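None of the values given here were measured: they were computed from a predicted structure.
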Amino acid sequence: MATIMKQLCLLILMSIMCKDVCGDEQYQLTIHQEPTSTSKEWSVTLENLTPCVLLNVKLDCKGFQSRTTIDPKIILKQDDLCIVNGGERINPGQSLHFLYISEQQFPFKLADQSVAYVCGDEQYQLTIHQEPTSTSKEWSVTLENLTPCVLLNVKLDCKGFQSRTTIDPKIILKQDDLCIVNGGERINPGQSLHFLYISEQQFPFKLADQSVAYVCGDEQYQLTIHQEPTSTSKEWSVTLENLTPCVLLNVKLDCKGFQSRTTIDPKIILKQDDLCIVNGGERINPGQSLHFLYISEQQFPFKLADQSVAYVCGDEQYQLTIHQEPTSTSKEWSVTLENLTPCVILNVKLDCKGFQSRTTIDPKIILKQDDLCIVNGGERINPGQSLHFLYISEQQFPFKLADQSVACS
């Protein structure tokens, strides 16, 4: 599972449209342009700043003409449209760059595109785990999305399944020989669903159908540096891009010997001794790109000197999620500990002052030491991983987090 959950962002198109899983926002290609230092020359960057794959992208190019040739693999004018990237996929974070010469800036705008989520090469499936409870003929089932994808329209093969206790239909709804999971709605990465059933024997649930959306890959995440000459003599155009699913920060380039005969915006590149501080050391979000021009006799071989990498955690504090509910056995409680965050959580300890159970709990899951419970032996709990245990007590114990560490990978 650790291998699966390391796979954080790139690339096999699934036949699912983004509207199913992207929420309410409309994802579009971003078009940015600015004049270069050459008279009547314009620099255009087309960026996919969305979490979706964009494909079949066309720009409205009615009236557009350039006095310099543009690579047709980037922009191919056909009648009043410009085909972008040959109509091929533009992955999340990818950008395309071209220059044109015209009396005035041309108002490029999006004419058409298709949108889809992306997934990796592995087959991502719902994980089904079940075990007997301490009650005779009662079984505990946990359905978990341990993948980095959204799973939706999930159905289990339930031919012959019957339970002598009612199951919440929002979790499992039996229709003929199928069980609809979560009402067919999305099951997010790391999300788990839990139910109990009573039967003479354990029922062999298996996946009948599902749809899959969104993933990530296993590469080393670094700032991408692309440069090319402009049409001006000795002028070079540089694009710094974060094509990763991570936040990059404290980025520094090796600039030993670098000099430019034109001023560069210090918010983008600030030279300090032999290093260039990128973006003021601030975060460069997934899909973000920075662009600058410099004048030099030769192209300078910029390379990465240093950076920090972090997940896109936003403003929330990522913590282990603790969920518990009574089972059908008197005074028995079912507890699920889940990492619903994009981070690795480790060294997890729960406040267990006063906790006692009249049944043994696997010490690999919970080990009580004085007033603390060590979770998972202090080892890493990967994104999407969950741990489950049962205890018997007169009352539900109010477990709460005492301590944890959070890491990117």
*Which residues satisfy the side chain to side chain contact (heavy atoms under 4.5 Å, CB included) test with Lys353, sequence neighbours excluded?*
Asp351, Asp371

*How long is the span from the CG atom in Leu240 to the CD atom in Gln288, to the nearest 0.5 Å?*
10.5 Å

*Could you grab the distance from atom SG of Cys158 to atom NZ of Lys174, nearest 0.5 Å is fine?*
6.5 Å

*asked:* Once side-chain hydrogen bond (donor to acceptor under 3.5 Å, both in side chains) is applied, do any residues pair with Ser134, and if so which ones, sequence neighbours excluded?
replied: Glu332

*Just checking, any donor-acceptor pair under 3.5 angstrom between side chains of Ser237 and His97?*
yes

*Sub-4.5 Å side-chain heavy-atom contact between Asn85 and Val57*: no

*From Glu34 atom CD to Thr45 atom OG1, the distance as rounded to the nearest 0.5 Å*: 7.0 Å

*Ser260 and Thr262: which non-hydrogen atoms are nearest, and at how many Å?*
OG-O, 2.9 Å

Only pairs under 3.5 Å count here: list side-chain donor-acceptor contacts from residues 197-208, not counting sequence neighbours, and write none if there are none.
{"residue": "Tyr197", "atom": "OH", "partner": "Gln130", "partner atom": "OE1", "Å": "2.7"}
{"residue": "Tyr197", "atom": "OH", "partner": "Phe203", "partner atom": "N", "Å": "2.7"}
{"residue": "Ser199", "atom": "OG", "partner": "Gln201", "partner atom": "O", "Å": "3.0"}
{"residue": "Glu200", "atom": "OE1", "partner": "Lys137", "partner atom": "NZ", "Å": "3.2"}
{"residue": "Glu200", "atom": "OE2", "partner": "Lys137", "partner atom": "NZ", "Å": "3.1"}
{"residue": "Glu200", "atom": "OE2", "partner": "Arg164", "partner atom": "NH1", "Å": "3.1"}

*asked:* Is it the case that atom CG in Asp176 sees more than 12 heavy atoms from other parts of the structure closer than 6.0 Å?
replied: no

*asked:* Please report the interatomic distance SG(Cys179) to CG(Leu173), rounded to the nearest 0.5 Å.
replied: 8.0 Å

*Would you find a donor on one side and an acceptor on the other, under 3.5 Å apart, between the side chain of Asn48 and the backbone of Ile90?*
yes

_Criterion side-chain contact (heavy atoms from CB on, under 4.5 Å) on Ile225 and Leu253, from CA distance to verdict_ = CA-CA 10 Å; Ile225 305 168; Leu253 302 182; 3.8 Å; yes

*Gap separating the CG atom of Leu290 from the CG atom of Leu223, nearest 0.5 angstrom*: 7.5 Å

*Is there a side-chain contact between Thr133 and Leu390, using heavy atoms and a 4.5 Å cut-off?*
yes

*Measure the spacing between CD1 of Ile172 and OG1 of Thr166 and express it to the nearest 0.5 Å.*
14.0 Å

